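Take a look at the structure set out below.
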Amino acid sequence: MTETTNNWLAACRVEDAVENGGVCVKHGEEQIALFYFTRRNEWYATQNECPHKKQMALSRGMIGSITDEPKVACPFHKKTFSLNTGECLSGDECAIKTYPVKVENGTVYVGINPKS
Amino acid sequence: MKEPQIIVIGNGMVGYKFCEKLRSKTSSFNLIVFGEEPRRAYDRVHLSEYFNGKTADDLSLSTENWYQEQNITLFLNNPVVKIDREQQKVYTGNGLDYTYDILVFATGSGAFVPNIPGIEKEGVFVYRTIEDLDLISTYAKKAKTASVIGGGLLGLEAAKALIDLGIEKTNIIEFAPRLMPRQIDAAGSDMLKSKLTDLGLQIHLNKNTANIEGEGKITALKFSDDTSLEADMLVISAGIKPRDELAKACGIEVGARGGIVVDEKMQTSDPAIFAIGECALFEGMIYGLVAPGYEMAEVLATNLCAGNKSFSSFDMSTKLKLIGIDVASFGDNFITEPDCRTIIFENKHKGVYKRINVSNDGQYLLGGILIGDASAYNMLLQTAINKIALPEDPEELILGSRGGGEPAGAGITSLPDNALICSCEGVSKGDICASVTDGGCENIDDVKKCTKAGTGCGGCMPMVKDLLNHTLKSQGKYIKNVICEHFNYSRQELYDLIHIHELKSYDEVLTALGENDGCEVCKPLVSSILASLWNEMILKKGNDVAQDSNDRFLANIQKGGSYSVVPRIPGGEITPEKLIVIGEVAKKYNLYTKITGGQRIDLFGAHLNDLPVIWEELIAAGFESGHAYGKGLRTVKSCVGSTWCRFGLHDSVSFAIRIEERYRGIRAPHKFKSAVSGCIRECAEAQSKDFGIIATEKGWNLYVCGNGGSKPQHALLLATDLDSETCIKYIDRFLMFYIRTADPLTRTATWLNKMEGGIDYLRNVIVNDSLGMAKQWEHEIEKLISSYKCEWKEAVENPAIRKRFSHFVNAPEEKDPSIEFVEMRGQKRTAEWKIV
């Protein structure tokens, strides 16, 4: 993965993020869900829209893990998605976009060129 | 073409069952039924329950409209008096005649009345119909001593009825040297006799009644051994006599000792005439039990619909509870050595006698007798009928395994699929299991409805329950006890552990008791337990992200991503001023308004960002959270009661408000609802609630565990005529018991359905404090009640929490632009799902 500083969106300060939960980041017309998985000391970002019923909701979902795979559950119908790969873990044929995240000097950045 | 006409004479249990079975197979045939009694067929097996409070309606086998719905013409109080076989006609008591193509005798039996001098005297009764019972019960009021002639099954039932009627001294007179001579042996009879004597019954065996003494009415019985016995009344229960008089009169073949002779197709000597039930004589035998009668009905109904079934000799095993004493016999109960080997267990201290007869090679169980403890009856019966190989030590079948470990015996799993579980309705093990695996039945009521198993005498119910549970378990359908991969505990265990360790946040609980990172199953569950235990603000201590979405934002998320706002309106009572505030808030924030089923007002379509300001305005006007989003108390619905209603007995609104304010904010395994009605008209629909209260002349009746929803269930009466304080005390205990023990997301109705012992057990726990927990629970709920705070008030006043009510972290003032509304009937509604 090549990183160019231009592609990093400054999303929020670390203290604005929700510990062990998500916030929604506005990026033009796009909405990105940003998760601070404090328990694992990991950051994840995905699209905010749940593909199941096209609801802007994933940032309000509960996060957790299945075996060791970090996941988020949509608050609407509890479809779960891998935070690593975006793959739907509830047996549906839909996946979500994921984004890289980095933290520098207390600011959280989301890489807006999505991983393939 | 005209439908062939079937006339059924007799509207007893078997006659009714024949109609039911025929109509379940075909709608053809004109079906006409003549009954001599004034009421529809009723459950004669449980007749004695008429004396402990069951009504004639309770005992009725059908609903009032059933016959009409099934297109059956029913004449009650209208006996057939004559049959003309040449013309194929029956004549009724009121002079009318009807033509038949097929005639079915289901005339049953009457009481056999021995020819004792004086039998016609006043105070002598038989025990057969509801009318007999009414007569007995009236006469019993002025009687102090009573006797029953007949120490068989019916005689003992009658004696029990006399005890229930308050007769001080009841005697049982039996001609044979032992009680229940058809079912039990001498040793069993001795045991039964000593138990009955303990209960205050006098048993006289080997007694031949010679005369009934008294001037006009009975005063004493005189026996052939010249002894005598005082008696103010006498009930004859000396056996049954088939009702074959009509058949005899029209020249059909009857047996020398009574009974209409039938072949294996239930056909009489006249090919157009059939007989079923206790009036039928098959291979020289009258079958005086309901199960073989039902089987006869099945045979006939099947054959009339072009099927081919035959009746063969029927298993006459019985199990019953006589005055609280188990008595059972099965298979070949009287076979003796050297034709078999007999194992006998007797415990006079406990009043238990068990005998099993085992084949000489020790392979099979042939039959047996159980007195005092018949819990093994179903298993033993199945082991005998299905010729299941016996364990090495067959004694373990009646003694239990004494080597520790699993109890011996075959267990339901070893039964073959064709094992007949419910002999009344002819339901096999395979039928019951299939109703679960293929029919989707998940509880005992489903299985009863689907297979009819257990709807006859009910004796097979324990076995049906075991089969249901076993099949559910084998399908993995049983509620998993372990919460999820992160917690290796049941909810109840976790509840106690969190309590003991005084854990206050989800993270602490996960670290102390769980593993890994948690998930959407354990997070809300633990949060709910934390709230139930400590009642702290649910969005503090990092618990906000462990709440289900509705709890996390203290509002219900709706289609499209907007939220709804429901202020509490206790008891549904609201002032005009507060109504105006709701209207103004709705207008200001462009909210859709609707009255809810729980007598309050729901405001829909709020943006996440607007929730705090909306609530600020509502709180300023005196509103508080309605917890419509939480698993806790929703509403306490009420009717206006005695304040306005001309029928109202008490002030139901004030009581509803008191209840709602008492339990508001308390979280439980699932939501719970309540209602208070001011009189029995029940306008508040309290019997559909988790707990419901109905005013009576003397106080309040408390109902529990009702439910609306997809599987409506009436609440059951827990206690009657309570004063307000006791009523509240019982609700306190009830709620704490539910909160502590229910499985996750289980409503009170399902909780009760799964509870062993059902409402009786629950009543014992709540009213009689059988677990000794009442004081602790009352203390615990007081703590919850006194720590109540409106969580919306806390949310809007706490900047850290309030900050979470914005959609974009990097644009806190902006609302979610993806939310769309459309107009409908002058208000807004949410746009349809963008995908279906």
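Numbers restart at 1 for each chain; the letters A, B, ... are given by sequence-line order, proteins then strands. These figures come from a predicted structure and were not determined experimentally.
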Looking at [X] and [Y], does any basic side-chain N land under 4.0 Å from a carboxylate oxygen?
X         : Y         : answer
Arg491(B) : Glu493(B) : no
Lys631(B) : Asp551(B) : no
Glu832(B) : Lys559(B) : yes

task: For chain B, find which of Glu19(A), Glu49(A), Arg13(A), Lys71(A) contributes the most heavy-atom pairs closer than 4.5 angstrom.
output: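 Answer, by heavy-atom pair count under 4.5 Å with chain B: Lys71(A).
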- prompt: Based on non-hydrogen pairs under 4.5 Å, which of Cys519(B), Gly560(B), Ser818(B), Ser806(B) is most in contact with chain A?
  reply: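 Highest number of heavy-atom pairs under 4.5 Å: Gly560(B).
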Engaged part of [X] at the chain A interface, taking heavy atoms whose separation is under 4.5 Å:
X         : value
Asp548(B) : both
Leu510(B) : both
Tyr506(B) : neither
Glu520(B) : both
Glu814(B) : side chain
Thr511(B) : both

- prompt: What do you reckon, is NZ of Lys789(B) surrounded by more than 12 foreign heavy atoms closer than 6.0 Å?
  reply: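 Count not over threshold, so no.
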query: Are there more than 12 heavy atoms of other residues, nucleotides or ligands under 6.0 Å from atom CG of Asn798(B)?
result: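 Yes, because the 6.0 Å sphere around CG of Asn798(B) holds more than 12 heavy atoms from other groups.
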- request: Report yes or no: does Asn48(A) contribute a side-chain atom to a donor-acceptor pair with the main-chain N or O of Ser59(A) at less than 3.5 Å?
  value: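 Answer holds: yes.
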Could [X] and [Y] be counted as a cation-pi pair, given that NZ or CZ must be under 6.0 Å from the ring centre and within 45° of the axis?
X         : Y         : answer
Arg802(B) : Phe805(B) : no
Lys504(B) : Trp534(B) : yes
Lys793(B) : Trp615(B) : no

Please classify the contact of [X] with chain B as side chain, backbone, both or neither, using a heavy-atom distance under 4.5 Å.
X        : result
Glu69(A) : neither
Leu34(A) : neither
Thr80(A) : side chain

query: Which members of residues 23-32 of chain A, sorted by number, sit under 4.5 angstrom from chain B on a heavy-atom basis?
result: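 Listed by number: Val23(A), Cys24(A), Val25(A), Lys26(A), Gln31(A).
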field: For Phe604(B), all residues meeting ring-ring contact (aromatic ring centres under 6.0 Å, His included), sequence neighbours excluded
entry: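 Here the qualifying residues are Tyr592(B).
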task: Might you work through the side-chain hydrogen bond (donor to acceptor under 3.5 Å, both in side chains) test for Ser82(A) and Glu87(A), ending with a clear yes or no?
output: CA-CA 5 Å; Ser82(A) 160; Glu87(A) 177 200 355; 5.6 Å; no
